[in-house]
Structure formats: structure tokens, C-alpha cells
Amino acid sequence: MKKDVKPKKKVHMIAIKSSDPDEEPMIIRLKNTSFYTILVTVCVIIGAILGILIFETRQVAVTLTKMTAQRQEMNEAYEALRTQYEELQSQYSGQVLEIEELESQIAVLTETLQDKLEEEASAEEDAIPSGFPVTGSSTPAEKPEDESELDQAVYYEGSEGAVVVATGAGTVELVRQNAYGYYEVHIDHGNGYDSIYTNMGTPLIQQGDTVVRGTPLFLIQEDNTLIKYQITKDDALINVYTIMSVDG
């Protein structure tokens with residue numbers, strides 16, 4: 001009988017050669033099981049490293065995708081804000097123009113109102129019969145004997161060519177000839193004042209006429225040099241000199 005021959009165990013040799021040609025290579029002998037164990041271990045390590053690299057690569061890709069999406073959202077938000085800013089800036093510019101226009105209108109209205117108030121104040125002032133009733137040369141005259149002290153009248157002796165004038169702005173309320181043959185002109189100044197002018201001459205105005213201070217009422221000639229002047233306030237005669245201006 002033949003003896004059973006046991007198979008020889010396989011041995012793997014790994015030669016590690018140095019860069020020095022004179023040096024003998026290093027021989028590493030590995031049993032079959034050890035070789036495969038090392039091989040499997042190396043494959044596992046390489047697989048783990050590749051798995052980690054693939055996982056990290058995917059994570060980086062996901063992160064980059066998220067960052068790209070976030071950047072896109074930020075860009076869109078920025079564009080929306082920029083558009084909104086431009087709209088607000090346009091609205092602000094329009095409002096500034098409107099404000100400037102309103103300020104201009106207010107300035108014009110204020111100026112117009114001021115002018116109107118000044119005109120009204122001037123008109124009110126002009127309507128006060130504070131002027132002097134005669135232009136040209138005239139002197140105070142004595143009250144005629146047949147005139148009453150109660151009429152609060154003043155008298156002037158005018159020179160030929162002088163003019164009896166309205167002492168304030170108003171409307172001619174009455175033109176009449178009295179019982180003594182004198183003409184009376186009554187002017188309503190619209191503020192409670194009435195001025196009355198009496199003279200022998202022919203009136204130069206008519207009832208209903210509008211007059212201003214200085215409007216001629218009578219022309220003084222040789223036969224009508226005496227002028228009588230009166231003022232009433234709320235239908236009551238008052239002293240002329242309480243209202244007549246000093247320079248009148």
C-alpha cells in the first residue's frame with residue numbers, strides 16, 4: 001500500500017527589492033491563510049476608504065446644491081429688494097415733487113392771501129373818510145348864523161378853481177338840493193360812516209356812483225366858495241376832527 005501523501009501548504013512570498021542593486025531583496029513568506037487575511041483586510045480598508053470618499057463626495061455635492069439654492073434664493077431676494085427700493089425711490093421722488101409743488105402752491109396762495117388781506121386792509125382804510133374835503137387853496141370859515149351847533153359841521157372857504165372831493169371810498173347814496181338851494185352829496189362808506197358835502201355848485205357825480213378818496217364832487221367857482229362838511233357814524237353826527245387825518 002502506498003502511503004497517503006499530505007499536500008504541501010502553499011506559501012506566498014513577497015520580495016521587497018531595494019533601490020540598491022547590490023543589496024539582496026527582502027523575502028517575506030506568508031502562509032496562504034495569512035495572505036488572504038491580509039488581502040481581505042486591505043480590500044476592506046480600501047472599500048471603507050472608498051465608501052467614506054463617496055459619502056463625503058455626496059455630502060459635498062448635497063452641500064453645494066443647498067448652497068447654490070440658497071445663493072439663488074438670496075439673489076432673487078436681492079433682486080426683489082432692489083426692485084422694491086427702486087419703486088420706493090421713485091415714489092419718494094414723486095412725493096418730493098408733489099411736496100415741492102404743494103409748497104409752491106402754498107407760497108402762491110399765501111402771497112395771494114397776503115395781498116388780498118393788504119388790499120382789504122387798504123380798502124378798509126380807504127373807506128374811512130379821513131381825508132380833507134377840499135383840494136387847492138382853502139381856509140376855515142365861520143359857521144353861518146342860521147346853522148345849528150348840533151349839526152357838527154365844519155366850514156371851509158375855497159378859492160376859485162379848488163375842488164371839493166370825497167374823503168374816502170364809497171358809494172354815492174344821495175344827491176339832492178335842500179330847501180336853501182344848496183346841493184348835498186351823501187356818500188356811504190360801507191363801514192357805518194357817511195360823509196356829507198354841501199355846496200352851491202352843481203354836483204359832478206350822480207347817485208349810485210362809486211367813488212374813491214379824491215373823486216371830485218364840486219368845482220369851486222366864484223359863486224360857490226363856501227363848503228359845508230359833515231360825518232355820521234351809525235347815523236349819528238360826530239365831530240369831523242376825531243377822524244380827519246392830521247395831514248388832511
Side-chain angles (χ1 to χ4, degrees), residues 108 110-248:
V108 172
T110 301
E111 185 178 356
T112 302
L113 178 60
Q114 185 64 31
D115 291 343
K116 186 174 182 179
L117 290 175
E118 290 177 357
E119 288 177 1
E120 289 178 353
S122 177
E124 289 178 2
E125 183 179 354
D126 289 343
I128 297 175
S130 59
F132 194 71
V134 186
T135 63
S137 178
S138 63
T139 57
E142 294 292 334
K143 178 181 72 67
E145 292 182 359
D146 56 348
E147 294 289 339
S148 170
E149 293 287 350
L150 300 177
D151 62 9
Q152 295 283 350
V154 294
Y155 297 86
Y156 298 98
E157 188 70 31
S159 61
E160 189 173 356
V163 180
V164 179
V165 295
T167 56
T171 303
V172 178
E173 184 178 35
L174 179 65
V175 177
R176 70 178 180 183
Q177 191 172 22
N178 62 23
Y180 301 99
Y182 290 86
Y183 280 99
E184 295 178 5
V185 174
H186 295 242
I187 296 177
D188 179 7
H189 298 281
N191 49 13
Y193 287 105
D194 280 36
S195 55
I196 305 169
Y197 313 79
T198 305
N199 186 258
M200 283 290 293
T202 302
L204 303 176
I205 43 77
Q206 297 179 352
Q207 184 173 326
D209 287 351
T210 300
V211 298
V212 296
R213 184 174 295 165
T215 297
L217 305 178
F218 297 98
L219 177 62
I220 302 299
Q221 295 178 325
E222 185 178 356
D223 55 351
N224 66 322
T225 57
L226 184 65
I227 304 110
K228 179 182 179 180
Y229 179 56
Q230 298 166 283
I231 293 178
T232 65
K233 173 64 174 174
D234 299 327
D235 298 325
L237 288 163
I238 63 172
N239 187 334
V240 170
Y241 294 113
T242 61
I243 191 172
M244 185 182 291
S245 60
V246 176
D247 59 350

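Keep in mind that the numbers below use all heavy atoms, side chains included, and drop hydrogens, waters and symmetry copies. Quick note: residue numbers are just sequence positions, from 1.
Remark: Asp151 engages Lys228 in a salt bridge, criterion side-chain N to carboxylate O under 4.0 Å.
Note that NZ of Lys143 is 6.5 Å distant from OH of Tyr155, once rounded to the nearest 0.5 Å. With values rounded to the nearest 0.5 angstrom, Arg213 atom CZ is found 10.5 Å from Ser195 atom OG. The line from CG of Asp194 to CD1 of Ile231 is 10.0 Å long, rounded to the nearest 0.5 Å. Atom-to-atom distance recorded for Arg176:CZ and Thr198:OG1 is 8.5 Å, nearest 0.5 angstrom. Atom CG of Asn224 is separated from atom OG1 of Thr202 by 8.0 Å, given to the nearest 0.5 angstrom. To the nearest 0.5 Å, atom OG of residue Ser130 and atom NE2 of residue His189 are 9.5 Å apart.
Residues Val134 and Ala162 share a closest heavy-atom pair of CG1-CB, 4.1 Å. The nearest pair of heavy atoms linking Leu219 to Gly161 is CD1-O, 4.1 Å. For the pair Pro203 and Val175, the tightest heavy-atom approach, listed with the atom from each and the gap, is CG-CG1, 3.8 Å. Nearest heavy atom pair, residue Gly214 against residue Val165, reads O-CG1, 3.5 Å. Among all heavy-atom pairs drawn from Gln230 and Leu237, the shortest one is NE2-CD2, 3.8 Å. Minimum interatomic distance between Ile220 and Gly158 (heavy atoms only, all atoms of both residues): CG2-O, 3.8 Å.
The 12-atom threshold is not exceeded at CG of Asp235, counting heavy atoms of other residues, nucleotides or ligands nearer than 6.0 Å. Enclosure of atom CD in Glu120 by more than 12 non-hydrogen atoms of other residues, nucleotides or ligands within 6.0 angstrom is indicated. For Tyr182, the OH atom counts as loosely surrounded, since its 6.0 Å shell holds 12 or fewer non-hydrogen atoms of other residues, nucleotides or ligands. With a 6.0 Å radius and a threshold of 12 heavy atoms from other residues, nucleotides or ligands, Lys116 has its NZ atom at or below the threshold. More than 12 heavy atoms of other residues, nucleotides or ligands shown are found within 6.0 angstrom of CD on Glu118.
Distance alone, capped at 3.5 Å, places no donor-acceptor pair between the His186 side chain and the Glu173 backbone. For the pair Tyr197 (side chain) and Thr167 (backbone), a donor-acceptor distance under 3.5 Å is present. Side-chain N or O atoms of Thr112 include one that pairs as donor or acceptor with a backbone N or O of Val108 at under 3.5 Å. Listed for the Asn199 side chain is a donor-acceptor partner under 3.5 Å among the backbone atoms of Leu226.
The closest side-chain heavy-atom distance from Tyr229 to Pro129 is below 4.5 Å. Residues Ile196 and Thr232 are in side-chain contact: their nearest non-hydrogen atoms beyond the backbone lie under 4.5 Å apart. The shortest side-chain heavy-atom distance between Gln207 and Leu174 falls under the 4.5 Å cut-off. By the 4.5 Å heavy-atom criterion applied to side chains, Val211 and Thr171 are not counted as neighbours.
Between Phe132 and Tyr156, the ring centre distance stays below 6.0 Å.
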**Report entry** Working for side chain to side chain donor-acceptor pair (under 3.5 Å), residues Thr225 and Glu157
**Finding:** CA-CA 6 Å; Thr225 57; Glu157 188 70 31; 2.3 Å; yes
Requested in this report: Please lay out, stage by stage, how Leu204 and Thr215 fare under the test side-chain contact (heavy atoms from CB on, under 4.5 Å).
Outcome: CA-CA 9 Å; Leu204 303 176; Thr215 297; over 6 Å; no
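Judged by a 6.0 Å distance limit and a 45° cone about the ring axis, Lys233 is positioned over the six-membered ring of Tyr193.
For the side-chain contact (heavy atoms from CB on, under 4.5 Å) with Val154, the lone residue among Asn239, Ile227, Val240 that qualifies is Val240.
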